[in-house]
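I have placed the structure first, in the form of structure tokens, so that the comments after it can refer back to it.
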Amino acid sequence: MIKKKIEEAFNKQINEEIFSFYLYLSMAAWFDSINLKGFAHWMKIQAQEEMFHAMKFYNHILERGGNVGLAEIAGPKTKWESLLNVYEESLAHEGHITGCINDLMDLVIEEKDHAARSLLQWFVDEQVEEEANFSEMVDKLKMVGNHNPLLLMQDKEMGQRQPGPNPFFKTGAEQ
Ligand code: FEO
């Protein structure tokens, strides 16, 4: 059985992850609106990963006899100054999420919840990858600058991103 304190903190994290989904989907929409279809594709896959993250917490709470309580999702921005600005903001956002995951890890260690700790270790490792991906994009976009042919080449490369192997939802039908 999951402790109330941890259930509450995990429900808050579901909100953070769904906000991340919303933010990246909004960035994808902005890319689509300026016809950078490769960048839009990359961000849609990123958004998909965020919903998968939210569902990992959702499933964990329910599997341990807790209750999922979904809260209101804040509205993300809808416009950015530049591609670089999108990726710099995303990197800062991932830094915030890493902070949330670290705080959750501190909590479950304090509460001696080993099952939750195992779940969170996955997120600790995932955040290293998330920050590295966005940091790489910030560096690349700084190199590309305002050189449109290079930007279009990068757009093509972004369109190659493959979705992760994990479905959003465990429907129950697969059990
Ligand atoms: Fe769910 Fe991008 O962290």
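When a ligand or atom number is given, it counts from 1 through the structure's own listing order. Position 1 is the first residue of the sequence; numbering continues from there.
In H53, the N, O or S atom that comes nearest to atom 1 (Fe) of ligand 1 is ND1. When you scan the N, O or S atoms of E130 for the one nearest atom 2 (Fe) of ligand 1, you land on OE2.
With hydrogens and angles left out, the side-chain atoms of S20 and H93 include a donor and acceptor closer than 3.5 Å. Looking only at atom types and distance, the side chain of H60 has no donor-acceptor partner in the side chain of E63 under 3.5 Å away.
Geometric assessment of K79 against the ring of W30 yields a negative cation-pi assignment under the 6.0 Å and 45° thresholds.
Among the atoms of E94, an N, O or S atom falls under 2.8 Å of atom 2 (Fe) of ligand 1. Atom 1 (Fe) of ligand 1 has E17 among its coordinating residues (N/O/S atom, backbone or side chain, under 2.8 Å). At least one N, O or S atom of E50, from either the backbone or the side chain, sits less than 2.8 Å from atom 1 (Fe) of ligand 1.
M51 and F134 fall within a single hydrophobic cluster, where Ile, Leu, Val, Met, Phe, Trp and Tyr side chains are chained together by heavy-atom contacts under 4.5 Å.
Ring pair F57/W122: centre-to-centre distance not below 6.0 Å.
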